[in-house]
Protein chains: 2
Amino acid sequence: MLPRTTEQNEKIKDERREQILFNALKIFARRGLVATKISDIARVSGFSQGLIYHYFNSKVDIYEELVARAIDNSSEMLLNLEQLPLPPLEKITFIAETIVDIIINQEDAAYYFLLITQAAVTENSSDSMAAMADDSFAPFQVMLRIITEGQQQGIISQDSPQDLTIIFWATINGLALNKVIEGNQFPHIDSKIIARIFK
Amino acid sequence: MLPRTTEQNEKIKDERREQILFNALKIFARRGLVATKISDIARVSGFSQGLIYHYFNSKVDIYEELVARAIDNSSEMLLNLEQLPLPPLEKITFIAETIVDIIINQEDAAYYFLLITQAAVTENSSDSMAAMADDSFAPFQVMLRIITEGQQQGIISQDSPQDLTIIFWATINGLALNKVIEGNQFPHIDSKIIARIFK
DNA sequence: GTCTATATCCAGATAGAC
DNA sequence: GTCTATCTGGATATAGAC
């Protein structure tokens, strides 16, 4: 048996990192940064507490990497959905449907949403995550643009676009939270209900 | 100057307790039980860390009293609103309006909502608060009843009452969260938008 | 690469002076 | 009733053996 190459070792190390990140996500999303113990992450991941520090420099490092991913993922998803060639109201309905769908079916999605919320509400704003709390958050901006377009076309209700956006994201975040709390008992919400907000 | 009577002392002690609870609420709601430090509560309240223990036995005691109040307050409010002599859809609209209103105008309301969420998601379910996570939570039940009634009368959309209830509370919780994050920048949401969910 | 100490720090809670 | 030590436990992070 030949010794492993450097690349193979790197690959294994990457997989371990991903495994740790995935386990950490679920705990951080529920408990937040401070209340999450390295020993919890280690135990769930199936190895000793000290070993975490072979893969990450600190607890905060893990947390920040996850928050960055949460923001990147959701921003990328919304910016992509925005490009779809659909009329505004249909686009919003499709976005709602897509998000509800991944919250239900993609195991980490609800946790990512919750993590963003946690990060925003905890206001450890020493770092980059303040970018999200304010309205420059890309998913927020995307919805504002679609709503405004729909209002110009007279398709979407003439309420304040900010209000509609806030309510939309409040609903999505609330659903993600519900999914995390309820787990598999969470029902498959009909996204048309959400779309009614805009009519 | 006469010495204070026992009753006067009790009154002062009660006021101090309320002051501590109010300050603690705002921190607990954002950070959760573990990440909140007694020294934070003490500093905001304007006295030494040790003095907290003159008024409460432990940090958990403060937290649990606040969670109990949050559950009691919201349950009482919803059960009262349910009694109003209004047709189902109007009742729901009025409930939405009332809740949005107190979230905006009553300083501690948004924090109480957020605290319930925090308690539910953190799953320290060693205690009484598990009662809320599941569907026996009174405000949840109230909405279910009103929706069911409205559906029998053909006034409310025939979607799953559970789904409608989940979306309604998801929206309310999301709004409370938004209020806490945004503070005074939070806009006065038109509750009619929320009521559209049910049409 | 993984584990078992262990150093260090910090927060909850207590004791005792004023 | 309030404050200033101080005890104690537990969590992060490090060191060093295997």
Side-chain angles (χ1 to χ4, degrees), chain A residues 1-28 30-67 122 124 126-127, chain B residues 1-28 30-67 122 124 126-127:
Chain A
M1 188 125 155
L2 290 168
R4 284 191 292 240
T5 64
T6 313
E7 297 91 67
Q8 282 172 326
N9 278 327
E10 280 302 310
K11 185 153 168 277
I12 289 172
K13 188 160 183 176
D14 269 6
E15 281 166 8
R16 286 263 196 277
R17 276 180 59 95
E18 290 303 317
Q19 187 191 353
I20 293 170
L21 283 167
F22 180 70
N23 291 319
L25 168 63
K26 295 200 256 186
I27 309 176
F28 278 133
R30 294 190 91 118
R31 300 217 206 286
L33 171 60
V34 179
T36 298
K37 289 176 272 186
I38 289 282
S39 58
D40 293 335
I41 301 173
R43 186 166 24 77
V44 173
S45 302
F47 42 57
S48 80
Q49 184 242 104
L51 188 53
I52 301 285
Y53 292 91
H54 188 72
Y55 296 97
F56 294 92
N57 288 325
S58 71
K59 185 171 77 160
V60 175
D61 267 25
I62 306 177
Y63 185 76
E64 286 182 345
E65 178 153 346
L66 285 168
V67 173
T122 316
N124 282 331
S126 56
D127 37 37
Chain B
M1 186 121 156
L2 291 167
R4 284 191 292 239
T5 64
T6 312
E7 298 91 68
Q8 281 172 326
N9 279 326
E10 280 301 310
K11 185 153 171 277
I12 289 171
K13 188 160 182 175
D14 268 7
E15 281 166 8
R16 285 265 197 273
R17 276 180 57 95
E18 289 304 317
Q19 186 191 352
I20 293 169
L21 283 167
F22 180 70
N23 291 319
L25 169 63
K26 295 200 257 187
I27 309 177
F28 277 134
R30 294 191 90 116
R31 300 218 207 284
L33 171 61
V34 180
T36 298
K37 289 176 271 188
I38 289 281
S39 58
D40 292 336
I41 300 173
R43 187 165 24 76
V44 173
S45 302
F47 42 57
S48 80
Q49 187 240 102
L51 187 53
I52 300 286
Y53 293 91
H54 189 72
Y55 296 98
F56 295 92
N57 288 325
S58 71
K59 185 171 77 161
V60 175
D61 266 25
I62 306 176
Y63 185 75
E64 287 182 345
E65 179 153 347
L66 285 168
V67 173
T122 316
N124 282 331
S126 56
D127 38 37

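Below, read A as the first sequence line, B as the second, and so on, with proteins coming before strands; counting in each chain starts at 1.
For the atom pair CD (Q49(B)) and NZ (K37(B)), the distance works out to 11.0 Å, reported to the nearest 0.5 Å. One finds the CG atom of L51(A) at 12.5 Å from the CD1 atom of I41(A) (value rounded to the nearest 0.5 Å).
Contact annotation for F56(B): no contact, since no heavy-atom pair falls under 4.0 Å across all strands.
Distance from the side chain of K13(B) is smallest to dG1(D) among dG1(D), dT2(D), dC3(C). Here dT2(C) is the nucleotide among dT2(C), dT4(D), dG1(D) with the atom lying nearest to any side-chain atom of L51(A). Ranking dG1(C), dC3(D), dT2(D) by closeness to the H54(A) side chain, first place goes to dG1(C). Among the nucleotides dC3(D), dT4(C), dG1(C), the one closest to the side chain of Y55(A) is dG1(C).
Between the CG atom of D40(B) and the P atom of dC10(C) there is a distance of 14 Å, given to the nearest Å. Whole-Å rounding puts the K11(B) NZ to dG1(D) P distance at 14 Å. Regarding E10(B), its CD atom lies at a distance of 13 Å from the C1' atom of dG1(D), rounded to whole Å.
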Exercise. Between protein and nucleotides 11-18 of chain D, map the contacts as a letter string: B base, S sugar-phosphate only, - none, heavy atoms under 4.0 Å, written 5' to 3'.
Key: SBBB----
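Put simply, the side chain of E64(B) does not reach to within 4.5 Å of the side chain of V67(B), judged on heavy atoms.
Considering all non-hydrogen atoms of both residues, T36(B) and K59(B) come closest at O-NZ, 2.8 Å.
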Practice problem: Report the C-alpha distance between E7(A) and K11(A) in whole Å, list the side-chain angles of each, state the deciding distance to 0.1 Å, and finish with yes or no for salt bridge (charged side-chain N to carboxylate O under 4.0 Å, His left out). | Solution: CA-CA 6 Å; E7(A) 297 91 67; K11(A) 185 153 168 277; over 6 Å; no
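Taking the six-membered ring where tryptophan is involved, the planes of Y63(B) and F28(B) are perpendicular, since the angle between them exceeds 60° and thus also 30°.
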